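FYI, side chains are in, hydrogens and waters are out, and symmetry mates aren't considered; it's all heavy atoms of this structure. Quantities reported herein were computed from a predicted structural model and do not represent experimental measurements.
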Amino acid sequence: MDISHSYSQFSPPRIERVRHELKRRSLVVSGIEQVTPGMLRITLSGDDLADFVSLGADDHIKIFVPGADGTMEMRDYTPRRYDNDARLLALDFALHEAGPVTAWAMKAKVGDPLEIGGPRGSAVISGDVERLLLIGDETALPAIGRRIEEAKAGQRIVSIAAVTGPDERQSFRTEASLTSHWAYRPLEAASDPAALLAAVRSVALEPGTFVWIAAEASVTRAIRFHFVAERGLPLPWLKASGYWVKGKADSTEKFE
């Protein structure tokens, strides 16, 4: 069903790119929480967080850890929560692969040091968007959760997340009106769009809804195609990212 005409009555949102001073910060692990069996939350602290800025729920920082051969490894992670006054930053780690940062997180202890950089910038959605549809896999849940928890009262949010099973479902505190859907599939099928796409097809898209998608690149591509080609969603109402690419370490893919 083509919905492009019904969107014409709404002023499209804009995505404003805000640049930040690029700064490296030396922090210390101050808390560790097992959110779900497959999601670990590590809280970092340090005076370097006094001027930390992250304006977008899907911002990314760089985490630096030593690799097996002694060289420095870098990976992108979403600032899940942060508090400048308390000098605290929370990061969620999806324990879906044995990369260098995931390995560091699984062994982390309170008091361990960690270096981070960024975020380099923020993508801020401007305009009065009252409806959001947030779609993603485990790697997108930190951004989805942050956006839900930071939403204002009166905003309507539908989230659709692909996880391995009911024990990976998360709950979020929010002032918004939230409806959550969960699609189950094994981790080995994380690059197969079938489960997530089936859940997406079952959800109505109300006019004036901004759609945000982040998952493995081929999954994101399939869901983006569904909205643009099959439903006729105007491109200004969509933001899609491949947060990871199967078979490629530290790779992402952007969709315009």
(request) Would you kindly confirm whether Y82 and V124 end up in one hydrophobic cluster when ILVMFWY residues are joined by side chain heavy atoms under 4.5 Å apart? (result) no
(message) If you compare all heavy atoms of P13 against all heavy atoms of V129, which two are closest, and at what distance to 0.1 Å?
(response) CB-CG2, 3.7 Å
(message) If only side-chain N and O atoms count, and only distance matters, is there a donor-acceptor pair under 3.5 Å linking T174 with E149?
(response) no
(message) If I compare all heavy atoms of D59 with all of S122, which pair ends up nearest, and what's the gap?
(response) OD2-OG, 2.7 Å
(message) Is there a side-chain contact between R80 and L91 in this structure, where contact means two heavy atoms from C-beta onward sitting under 4.5 Å apart?
(response) no
(request) Would you sort out whether D58 and R147 count as a side-chain contact (heavy atoms from CB on, under 4.5 Å), showing the intermediate values? (result) CA-CA 8 Å; D58 54 355; R147 193 178 295 280; 3.7 Å; yes
(message) Hydrophobic cluster membership, with links at side-chain heavy-atom distances under 4.5 Å among I/L/V/M/F/W/Y: are L134 and L235 in one?
(response) yes
(request) Without swapping roles, check the side chain of E216 against the backbone of S218 for a donor-acceptor pair under 3.5 Å. (result) yes
(request) Would you give the length of the straight line joining atom CG of L89 to atom OG of S30, rounded to the nearest 0.5 angstrom? (result) 9.5 Å
(message) Distance to the ring centre below 6.0 angstrom and angle to the axis at most 45 degrees; does that hold for R25 and F52?
(response) no
(message) Could you measure the distance from the CG atom of D92 to the CD1 atom of I144? Nearest 0.5 Å is fine.
(response) 12.0 Å
(request) Treat each ILVMFWY residue as a node, draw an edge where side-chain heavy atoms are under 4.5 Å apart, and state whether V28 and I63 are in one component. (result) no
(message) For G208 versus W237, what's the shortest heavy-atom pair and its separation?
(response) O-CZ3, 3.3 Å
(message) Please determine whether residues M106 and I42 belong to a single hydrophobic cluster, defined as Ile, Leu, Val, Met, Phe, Trp and Tyr linked transitively by side-chain heavy-atom distances below 4.5 Å.
(response) yes
(request) Would you mind reporting whether W182 and V163 have side-chain heavy atoms less than 4.5 Å apart? (result) yes
Donor-acceptor pairs under 3.5 angstrom involving side-chain atoms of residues 187-197: please list them, not counting sequence neighbours.
residue: D192; atom: OD1; partner: A194; partner atom: N; Å: 3.0

(message) Just so I know, are the side chains of R146 and R81 near enough to count as touching, which here means a heavy-atom distance under 4.5 Å?
(response) no
(message) With a 4.0 Å cut-off on N to O distance, would you call R185 and E168 a salt bridge?
(response) no
(message) Run the side chain to side chain donor-acceptor pair (under 3.5 Å) test on R169 and S180 for me, step by step, so that the C-alpha distance in whole Å, both residues' side-chain angles and the decisive distance to 0.1 Å come before the verdict.
(response) CA-CA 10 Å; R169 293 168 61 141; S180 295; over 6 Å; no
(request) For residues R17 and A123, report the shortest heavy-atom separation together with the two atoms involved. (result) NH1-CB, 3.4 Å
(request) Would you indicate whether the side-chain heavy atoms of T36 and D167 approach each other to under 4.5 Å? (result) no
(request) Measure the shortest side-chain to side-chain distance between D48 and E115 over non-hydrogen atoms and say whether it is less than 4.5 angstrom. (result) no
(request) Check whether any side-chain heavy atom of E138 lies under 4.5 Å from a side-chain heavy atom of T164, and answer yes or no. (result) yes
(message) Other residues, nucleotides and ligands only: do more than 12 of their heavy atoms fall within 6.0 Å of CZ on R120?
(response) no
(request) Check the surroundings of atom NZ in K246: do more than 12 heavy atoms from other residues, nucleotides or ligands lie under 6.0 Å from it? (result) no
(message) Would you compute the distance between atom CD1 of I61 and atom NE2 of H20 and round it to the nearest 0.5 angstrom?
(response) 12.5 Å
(message) So L44 and V29, do their side chains get closer than 4.5 Å, heavy atoms only?
(response) yes
(message) On a heavy-atom basis, which atom in T78 and which in A57 lie closest, and how many Å separate them?
(response) CG2-O, 3.3 Å
(request) Using salt bridge (charged side-chain N to carboxylate O under 4.0 Å, His left out) as the criterion, point out the one residue from E130, E206, E175 that pairs with R156. (result) E206
(request) Classify the ring geometry between F93 and Y77 as parallel (under 30°), tilted (30 to 60°) or perpendicular (over 60°). (result) tilted
(message) Are the side chains of W212 and I125 in contact, using a 4.5 Å heavy-atom criterion?
(response) no
(message) W244 and side-chain hydrogen bond (donor to acceptor under 3.5 Å, both in side chains): which single residue from D137, D76, T220 fits?
(response) D137
(request) Check whether L238 and L133 end up in the same hydrophobic cluster, where Ile, Leu, Val, Met, Phe, Trp and Tyr are linked by side-chain heavy atoms less than 4.5 Å apart. (result) yes
(message) Working to the nearest 0.5 angstrom, can you tell me the gap between N84 CG and S54 OG?
(response) 10.0 Å
(request) Kindly give the heavy-atom pair with the smallest separation between I213 and F227, and that separation in Å. (result) CD1-CD1, 4.2 Å
(request) Supply the atom-to-atom distance I148 CD1 to L178 CG, rounded to the nearest 0.5 angstrom. (result) 4.5 Å
(request) For D112 and W104, test the side chains for any donor-to-acceptor distance below 3.5 angstrom and give the result as yes or no. (result) no
